[in-house]
Protein chains: 4
Amino acid sequence: MTVSGRVRTKGGRTRRRLLDAAAAEVARNGRAGASLSAIAAAAGLKAGSIYFHFESRERLIEAVLEEGLRATLERLDAALAAEGDHAPPAARLRAAIRAHAVAAHELRDYTVAVLAPDFPDGGTAGALRRDYVGRWAELVAEAQSTGHLPDSVDPRLVRDLLFGALNAVSLAGRPPAEAASAVYALLRLG
Amino acid sequence: MTVSGRVRTKGGRTRRRLLDAAAAEVARNGRAGASLSAIAAAAGLKAGSIYFHFESRERLIEAVLEEGLRATLERLDAALAAEGDHAPPAARLRAAIRAHAVAAHELRDYTVAVLAPDFPDGGTAGALRRDYVGRWAELVAEAQSTGHLPDSVDPRLVRDLLFGALNAVSLAGRPPAEAASAVYALLRLG
Amino acid sequence: MTVSGRVRTKGGRTRRRLLDAAAAEVARNGRAGASLSAIAAAAGLKAGSIYFHFESRERLIEAVLEEGLRATLERLDAALAAEGDHAPPAARLRAAIRAHAVAAHELRDYTVAVLAPDFPDGGTAGALRRDYVGRWAELVAEAQSTGHLPDSVDPRLVRDLLFGALNAVSLAGRPPAEAASAVYALLRLG
Amino acid sequence: MTVSGRVRTKGGRTRRRLLDAAAAEVARNGRAGASLSAIAAAAGLKAGSIYFHFESRERLIEAVLEEGLRATLERLDAALAAEGDHAPPAARLRAAIRAHAVAAHELRDYTVAVLAPDFPDGGTAGALRRDYVGRWAELVAEAQSTGHLPDSVDPRLVRDLLFGALNAVSLAGRPPAEAASAVYALLRLG
DNA sequence: CATGAATGAGTGTTCATTCAT
DNA sequence: CATGAATGAACACTCATTCAT
């Protein structure tokens with residue numbers, strides 16, 4: 001499972017293989033349980049060779065988080081763009097829900113990494129995360145302002161409930177389309 | 001943070017301290033990342049002494065899962081009993097939602113442990129878990145049968161979305177009452 | 001497997017059970033590999049209780065060696081006494097060979113302990129051992145003086161060859177009588 | 001004390017040092033008592049580094065047994081070859097006795113390891129051992145068939161008595177030539 | 001770019017020993 | 001007499017990291 005994009009150089013391809021292997025390891029064994037030797041083996045390398053591509057274990061995992069978030073953001077952007085800038089808030093929220101579910105499913109390993117409770121607030125990954133959750137809070141607020149969602153609730157709380165719900169079932173292996181339409185139905189979104 | 005109950009013997013008290021410490025460690029560092037030395041230190045022991053109380057690291061963590069699930073089940077039972085056997089399905093579901101949110105919040109460390117993706121299907125903990133999720137699926141199905149929830153959706157999917165939503169925000173530190181009422185509002189549960 | 005003797009007191013019986021269990025453990029796992037908890041369990045006690053009967057692990061094992069040697073010496077004495085003080089040297093040596101083989105077989109666990117390469121020279125056990133091997137050197141020398149064994153060889157070397165041969169096969173499980181007569185035959189002892 | 005052969009690579013030399021150190025440790029403290037830290041220290045490494053060269057403690061010790069047996073077998077082959085294919089059985093047995101005594105003495109640590117009562121029947125080492133003892137049984141049977149040894153005794157029993165005798169005195173430090181000629185004399189082989 | 005070899009700090013676990021009960 | 005509870009040192013083993021090759 002890879003995140004996107006083409007790479008020309010050999011080093012770039014190895015880097016990509018390492019990221020994928022690391023995402024899988026973190027998904028399977030948790031951030032603390034992910035072993036560099038296992039990652040290296042899965043990428044066809046010896047452990048020491050990782051250090052040619054990443055400064056440290058910490059940086060490798062950070063890079064996984066960044067890649068995962070960047071790809072998820074791209075998908076959100078693409079989905080909203082496809083909907084059109086002036087689409088009604090409910091449609092935009094539906095598109096976002098579907099995009100999130102699909103991303104959580106397709107980038108599963110990367111997503112699990114992002115969910116780790118010890119996610120670092122700082123660094124590029126933290127910034128990307130803040131970006132993503134900020135965008136979502138806006139989408140929810142818009143939908144509340146048009147009455148599609150109850151406006152008695154803090155939009156960030158709604159967003160977090162949605163993330164929790166979508167992530168949990170997407171990672172459990174359910175088809176993302178099913179998860180998304182279940183959410184539409186429960187929220188009477190549409 | 002402890003799970004409940006009084007213990008008379010010295011060994012029993014140490015065991016309880018170990019369970020609490022282990023729950024906290026697992027919550028903080030994940031199942032794979034939880035270290036026995038850290039757990040022992042938090043419980044005021046040396047690492048080796050754990051083995052007087054638990055056969056192995058694995059058994060200690062299993063015991064944490066069991067305690068957490070047992071306490072959560074007790075709370076669900078109590079909440080439903082308080083509602084009365086013949087309460088309407090919507091009220092019963094609301095009570096369950098509130099109980100789950102409160103439990104997830106108050107037993108936070110134990111709950112996080114239960115959420116670990118590598119939760120063991122077998123053993124006592126697995127059985128307790130199956131019990132709990134089974135009960136919830138029934139509650140959802142009842143609420144669907146009376147029209148309080150859309151019946152186009154697999155009740156187990158609804159249940160998992162609810163768990164995901166409630167766990168995520170409860171563990172993030174939000175007051176559980178707030179999370180519960182947000183869910184009532186979003187689901188138009190009254 | 002016990003070494004001999006009757007004991008009246010309860011403490012004495014526990015001590016005996018501990019010695020037997022220790023002999024078995026040492027025989028099975030080697031001196032270094034013998035675990036006090038295993039010994040205690042085999043004797044129906046908890047590890048800590050051993051210290052009521054023996055000062056330390058070291059002393060317990062030493063006591064095993066002493067018991068084994070004492071019993072082996074008793075058997076040698078009895079066999080020679082049965083032969084009569086004035087029996088011919090060849091008959092005395094044959095009796096000693098048979099007694100040693102039988103002892104090695106019947107006291108197998110204790111014998112194995114005595115054979116451990118890290119046998120302590122000092123202490124009571126060392127003295128008993130020196131006694132036993134000294135007696136044997138004399139028996140061999142007598143047999144050489146009457147021409148029953150080649151007298152070109154250091155009697156202590158002969159003794160050690162005999163010990164090595166008899167111990168090895170007795171411990172391997174062969175019936176001791178068979179081992180003894182094989183040795184008679186090979187040495188043309190009659 | 002090393003077993004034979006030259007090695008070019010650095011890793012190969014470290015491996016050899018580890019084998020020698022392990023043989024010595026096993027000889028001194030028994031199979032169960034041999035500690036990896038001690039072995040590593042004797043080989044000039046830290047304990048963890050052993051795992052670059054051997055999969056586990058078990059495999060390291062197994063390798064010691066294999067090396068010891070392989071070297072002992074080579075010496076037996078060489079001794080018999082030097083005697084010539086058509087040498088009389090008594091001469092062949094004498095050569096074998098001398099070769100075994102010399103091997104037990106020169107490869108002392110490895111030999112002691114091979115003698116450990118918990119020798120594993122399976123694996124390469126077990127096969128080598130069966131090979132060696134099988135060859136010896138044949139040598140004894142030949143000598144019996146020509147009347148050089150009493151033929152009333154099971155040749156495997158004779159072989160085990162010889163092993164026991166030779167091993168015991170060789171390991172005790174006696175010059176192997178002396179042990180071998182003592183055995184010739186006692187068996188009237190000479 | 002990548003590996004072979006090593007390290008030092010960490011892991012979970014066992015064990016002899018102590019001592020209050 | 002014996003156990004329950006704890007310790008501290010050892011154990012085998014893993015791992016992130018380094019660096020010469």
Side-chain angles (χ1 to χ4, degrees), chain A residues 9-15 32-40 43-61, chain B residues 9-15 32-40 43-61, chain C residues 9-15 32-40 43-61, chain D residues 9-15 32-40 43-61:
Chain A
T9 68
K10 179 186 172 199
R13 274 191 305 273
T14 303
R15 201 187 126 96
S35 126
L36 281 198
S37 349
I39 294 171
L45 295 181
K46 307 287 168 173
S49 315
I50 291 182
Y51 290 81
F52 187 84
H53 300 275
F54 296 93
E55 251 183 28
S56 68
R57 194 189 108 115
E58 224 48 42
R59 294 279 253 222
L60 166 57
I61 292 184
Chain B
T9 68
K10 182 189 177 197
R13 275 190 304 272
T14 304
R15 202 188 126 96
S35 125
L36 283 196
S37 348
I39 294 172
L45 293 181
K46 308 292 168 176
S49 312
I50 292 182
Y51 289 81
F52 185 79
H53 301 275
F54 296 92
E55 260 184 19
S56 67
R57 194 190 107 116
E58 221 51 40
R59 293 278 251 224
L60 166 56
I61 293 184
Chain C
T9 69
K10 178 186 171 199
R13 274 191 305 274
T14 304
R15 203 187 125 94
S35 127
L36 280 198
S37 348
I39 294 171
L45 295 181
K46 307 288 168 171
S49 314
I50 291 182
Y51 290 81
F52 187 85
H53 300 274
F54 296 92
E55 251 184 28
S56 69
R57 195 189 108 114
E58 225 49 41
R59 296 278 253 221
L60 165 57
I61 293 184
Chain D
T9 69
K10 181 188 177 198
R13 275 190 304 274
T14 305
R15 203 187 125 96
S35 126
L36 283 196
S37 348
I39 293 172
L45 293 182
K46 308 293 166 174
S49 311
I50 291 182
Y51 290 83
F52 185 81
H53 301 276
F54 295 92
E55 259 183 20
S56 67
R57 194 189 107 116
E58 222 50 41
R59 293 278 249 226
L60 166 56
I61 293 183

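Atom set for the values below is all heavy atoms of this structure, side chains included, hydrogens, waters and symmetry mates excluded. Chain A is the first sequence line, chain B the second, and so forth, proteins listed ahead of strands; every chain is numbered from 1.
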Please report the interatomic distance NE2(B:His53) to CG(B:Leu60), rounded to the nearest 0.5 Å. 11.0 Å

Partners meeting side chain to side chain contact (heavy atoms under 4.5 Å, CB included) with A:Glu58 (sequence neighbours left out): A:Arg31, A:Ser56

Are the side chains of A:Leu36 and A:Tyr51 in contact, using a 4.5 Å heavy-atom criterion? yes

Provide the start and end nucleotides, 5' to 3', of the part of DNA chain F that has atoms under 4.0 Å from heavy atoms of chain B. F:dG4 to F:dG8

I want to check something: taking the side chain as every heavy atom from C-beta on, are A:Leu45 and A:Phe52 in contact at a cut-off of under 4.5 Å? no

Residue pair D:Thr14 / D:Thr9, side-chain heavy-atom distance below 4.5 Å: no

Would you indicate what D:Ser49 reaches in the nucleic acid, counting non-hydrogen atoms under 4.0 angstrom: base, sugar-phosphate, or nothing? base

Could you work out, with salt bridge (Lys or Arg N to Asp or Glu O under 4.0 Å) as the rule, every residue matching D:Arg13, not counting sequence neighbours? none

When A:Gly48 and C:Ala32 are each assigned the nearest nucleotide of DNA chain E, the 5'-most assignment goes to A:Gly48

Nucleotide-level pairing of DNA chain E, given in dot-bracket where Watson-Crick and G-U pairs need both distances under 3.5 Å and | marks other strands: .||||||||||||||||||||

Please give me the minimum heavy-atom distance between D:Phe54 and D:Arg15, naming the atom from each residue. CE2-NH1, 3.4 Å

In numerical order, the residues of residues 50-59 of chain A whose heavy atoms come under 4.0 Å of DNA chain F are A:Tyr51, A:Ser56, A:Arg57

Distance, nearest 0.5 Å, that separates CD1 of C:Ile39 from CZ of C:Arg57: 7.0 Å

P spacing across the pair E:dC1 / F:dT21, given as an integer number of angstrom: 22 Å

Which heavy-atom pair separates B:Ala47 from B:Ser37 by the least distance, and what is that distance? CB-CA, 4.1 Å

The residue, B:Gly11 or D:Ala38, whose nearest nucleotide of DNA chain F is more 5′ is B:Gly11

Contact nearer the 5' end of DNA chain E, comparing C:Gly33 with A:Ala47: A:Ala47

Please give me the minimum heavy-atom distance between C:Lys46 and C:Ala40, naming the atom from each residue. C-CB, 3.7 Å

Using a heavy-atom cut-off of under 4.0 Å over every strand shown, decide if D:Ala34 touches base, sugar-phosphate, or nothing. sugar-phosphate

